[in-house]
Amino acid sequence: MPIRVATWNVNSVRQRIDLLLTWLKECQPDIVCLQEIKCVDEAFPRLEIEALGYNVVTHGQKTFNGVALLSKLRFDETKSGLAGDDEDAHARFLEGMVTLKSGVLRIACLYLPNGNPRPGPKFDYKLAWMERLINRAAELIAGNLPVVLAGDFNVIPTERDVYKPERWLDDALFVPEVRHAFERLLAQGWTDTLRQHHPDETIYTFWDYFRNAWARDAGLRIDHLLVSPVLLERVRDAQVDSFVRGWEKASDHAPVWLELDPA
DNA sequence: ATGACTACTCCCAGTAGA
């Protein structure tokens, strides 16, 4: 069986628990990165998810942010938080390591700051957070091991990844500074697997709740699954489960996944 | 468009998301 690794910004796990369980059963991912769980660790609906055969690790926070890792394989180790700023109280980063038959696989689950409004402290925080991510990613890639960097990056990589680029030129998701920082990350050797598997396709992962965006397909591609060089040759597919965005009480983000060769 | 929609919070108008 191939290994499936997914990421989904659920926009409150307590609001989305029924949809999450339905999607887990349908998609059958082996490893899942969740963002915006919007609850503390104790409030995470751990039992329902464990009942489907997942090991669960959370890095939660009251009200905002919060990330979690689910894995059908047991975690050898996990680590929460992104190095580089001891004052940073946002729960946005969580790493885990599992062992496949072929060897170790490391997964980093991230929720990159939005950065709006710009200019301002939120935008400065986003840029600083990206520098910290770039530093950690450099360490990970230097190990020459299989790594997936997955999550809600809040970065629109190119004008093909947004329904109307001209409307987003001044937005913190699309300004040149942010896109360049994302390009610097990729230049370390990471591959954007969703784009690689859909080179000519208009493909989105987020549709605003506003303005009937889903029905108009006015989307953004901001949720990404990046893989390290040694993992690239094992990636067989990458997809967006966009149908989930059409469900009743949907998150504004759809799940994204990639499939690796059998372990 | 200080907009719309959705979710959160010391229950309810203010903050945040993207």
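Just so we're on the same page: letters track the sequence lines, and every chain starts at 1.
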Euclidean distance for P, B:dA16 against B:dC10 (whole angstrom): 14 Å
P-based separation of B:dG14 from B:dA1 [nearest Å]: 24 Å
Residues that A:Glu95 engages under side-chain contact (heavy atoms from CB on, under 4.5 Å), provided they are two or more places apart: A:Phe93, A:Arg106, A:Ala108, A:Arg136, A:Leu140
Rounded distance in Å - CD (A:Glu36) to C1' (B:dA16): 9 Å
Sequence-aligned protein contact record of nucleotides 2-9 of chain B, with B where the base is within under 4.0 Å of a protein heavy atom and S where only the sugar-phosphate is: -BBBSSSS
Under 4.5 Å side-chain linkage, directly or through intermediates, the cluster mates of A:Val162: A:Ile156, A:Tyr163, A:Trp168, A:Leu169, A:Leu173, A:Phe174, A:Tyr204, A:Phe206, A:Trp207, A:Trp214, A:Leu220, A:Ile222
Residue pairs passing the ring pair (Phe, Tyr, Trp, His ring centres under 6.0 Å) test where at least one lies in residues 21-75 of chain A, sequence neighbours excluded: A:Trp8-A:Trp23
Those residues of residues 153-166 of chain A lying under 4.0 Å from DNA chain B by at least one heavy atom: A:Asn154
Nearest-Å distance once atom P is located in both B:dA4 and B:dT15: 15 Å
Touch class at under 4.0 angstrom, heavy-atom based, for A:Asp223 against every strand present: nothing
Electrostatic pair A:Arg132:A:Asp88 at N-O distance under 4.0 angstrom: yes
Sugar-phosphate, base or nothing in reach of A:Lys122, heavy atoms under 4.0 Å: sugar-phosphate
Salt-bridge contact A:Asp261-A:Arg236 (side-chain N to carboxylate O under 4.0 Å): yes
Contacts of type ring pair (Phe, Tyr, Trp, His ring centres under 6.0 Å), residue A:Phe210, not counting sequence neighbours: none
Sugar-phosphate, base or nothing in reach of A:Phe174, heavy atoms under 4.0 Å: nothing
Integer angstrom distance from the C1' of B:dA13 to that of B:dT2: 15 Å
Counterpart residues, ring pair (Phe, Tyr, Trp, His ring centres under 6.0 Å), relative to A:His90 (two or more places apart): A:Tyr125
Between B:dA16 (C1') and A:Tyr125 (OH): distance, integer Å: 14 Å
Set of residues satisfying ring pair (Phe, Tyr, Trp, His ring centres under 6.0 Å) with respect to A:Trp257, sequence neighbours excluded: none
Between P of B:dG17 and CG of A:Leu220, the distance in whole Å: 15 Å
For atom OH of A:Tyr111 and atom P of B:dA16, their distance in whole Å: 12 Å
Sugar-phosphate, base or nothing in reach of A:Asp152, heavy atoms under 4.0 Å: sugar-phosphate
Same-atom distance (P) from B:dG3 to B:dT9, integer angstrom: 22 Å
Those residues that, when tested against A:Thr63, pass side-chain contact (heavy atoms from CB on, under 4.5 Å) (two or more places apart): none
